[in-house]
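Please read these numbers as outputs of a predicted model, since none were measured by experiment.
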Amino acid sequence: QLSVISYQLSVISYQLSVTKIMSDQPKKIHLFELIVVIAILGLLSTLALIAIGGAREQARDAARLEDVREVQVALELYFGDFNKYPEVADGVVLGEANFACLQAQGWAAAGCESEYLLRVPSNPTPGGVPYRYVSDGSSYSLEFSLEGDVGEKLAGPHRLTQDGIE
């Protein structure tokens with residue numbers, strides 16, 4: 001048994017000395033290995049940027065649809081109270097100048113204290129087009145666009161009317 005233990009100790013001693021010799025040698029990274037690692041990192045970062053860009057586009061489109069629904073609810077509440085929509089013969093851009101909020105007297109630049117729409121949303125940028133509103137009082141049209149497909153709605157121009165989104 002003593003010889004077996006002595007043999008095992010010599011094997012362990014040999015393994016330790018080989019490991020020490022191997023660890024003392026400087027590790028070399030070959031140029032090819034470095035190029036492969038850099039290429040893989042470049043590919044992964046490109047894929048991540050593409051995924052983030054698509055997510056941003058989808059977020060802007062979701063915000064556009066939410067904006068349009070918010071304006072639709074405010075216009076229907078207004079119609080319910082006054083039996084007409086706020087009149088604007090020429091198309092106007094919502095969220096700018098005199099069309100920043102909706103009150104009982106119609107669109108206003110500021111100071112709305114009514115329950116209709118305290119802040120009229122504007123198109124998230126970049127992409128899309130400004131929200132354009134037209135109304136003769138009995139009907140309305142709100143034009144907007146989507147950068148990408150959202151559910152059944154395809155990318156491109158759309159129109160919200162009192163009947164829904166076209």
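- In this structure, the side chains of Val120 and Tyr133 stay at 4.5 Å or more apart for every pair of heavy atoms.
- Put simply, CZ on Arg132 and CG on Asn123 are 14.5 Å apart, with the number rounded to the nearest 0.5 Å.
- Taking the side chain as every heavy atom from C-beta outward, Ser138 and Gln162 never approach each other to under 4.5 Å.
- No single ILVMFWY cluster, assembled from side-chain heavy atoms under 4.5 Å apart, contains both Leu41 and Leu49.
- No donor-acceptor distance shorter than 3.5 angstrom exists from the side chain of Glu147 to the backbone of Gln58, with no hydrogens or angles considered.
- Using a distance-only test at 3.5 Å, with no hydrogens or angles considered, no donor-acceptor pair links the side chain of His158 to the main chain of Ser145.
- To the nearest 0.5 angstrom, Glu70 atom CD is 11.0 Å from Leu102 atom CG.
- Side-chain contact between Glu143 and Pro157 is absent, with no heavy-atom pair separated by less than 4.5 Å.
- Contact between Ala63 and Pro124 at its shortest, heavy atoms only, is CB-CG, 4.0 Å.
- Looking at every heavy atom in both residues, Gln103 comes nearest to Ala108 through NE2-CB, 3.3 Å.
- Of the inter-residue distances, the one linking Leu34 atom CG with Ile38 atom CD1 reads 4.0 Å to the nearest 0.5 angstrom.
- Proximity of Leu160 to Tyr131: side-chain heavy atoms (C-beta onward) are nowhere separated by under 4.5 Å.
- Ala100 approaches Ala109 most closely through the heavy-atom pair CB-O, 3.1 Å.
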With a 3.5 Å cut-off and sequence neighbours excluded, list the donor-acceptor pairs that the side chains of residues 73-81 form with protein atoms.
residue: Glu76; atom: OE1; partner: Tyr85; partner atom: OH; Å: 3.3
residue: Glu76; atom: OE2; partner: Tyr85; partner atom: OH; Å: 3.1
residue: Tyr78; atom: OH; partner: Ala104; partner atom: O; Å: 3.3
residue: Asp81; atom: OD2; partner: Tyr116; partner atom: OH; Å: 2.4

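- We find the CG-CG distance between Leu94 and Asp67 to be 10.0 Å, quoted to the nearest 0.5 Å.
- Residues Val68 and Leu118 do not share a hydrophobic cluster, clusters being chains of Ile/Leu/Val/Met/Phe/Trp/Tyr side chains in contact below 4.5 Å.
- For the pair Phe99 and Val88, the tightest heavy-atom approach, listed with the atom from each and the gap, is CE2-CG2, 4.0 Å.
- Hydrophobic clustering of Ile, Leu, Val, Met, Phe, Trp and Tyr side chains at less than 4.5 Å, counting indirect connections, keeps Phe144 apart from Leu154.
- The closest donor-acceptor contact from the side chain of Asp61 to the backbone of Leu146 lies at 3.5 Å or more, if one exists at all.
- Without hydrogens or angle criteria, Ser141 side chain to Val134 main chain gives no donor-acceptor distance under 3.5 Å.
- Taking hydrophobic clusters as Ile, Leu, Val, Met, Phe, Trp and Tyr residues chained together by side-chain heavy-atom distances below 4.5 Å, Ile35 does not share a cluster with Leu43.
- Note that CZ of Arg60 and CZ of Arg56 are 8.0 Å apart. Values are rounded to the nearest 0.5 Å.
- Side-chain contact check for Val71 versus Leu117: some heavy-atom pair is nearer than 4.5 Å.
- Side chain of Asp136 to backbone of Ser139: a donor-acceptor contact under 3.5 angstrom is found.
- Under the 4.5 Å side-chain contact rule for hydrophobic residues, Leu142 and Val92 share a cluster.
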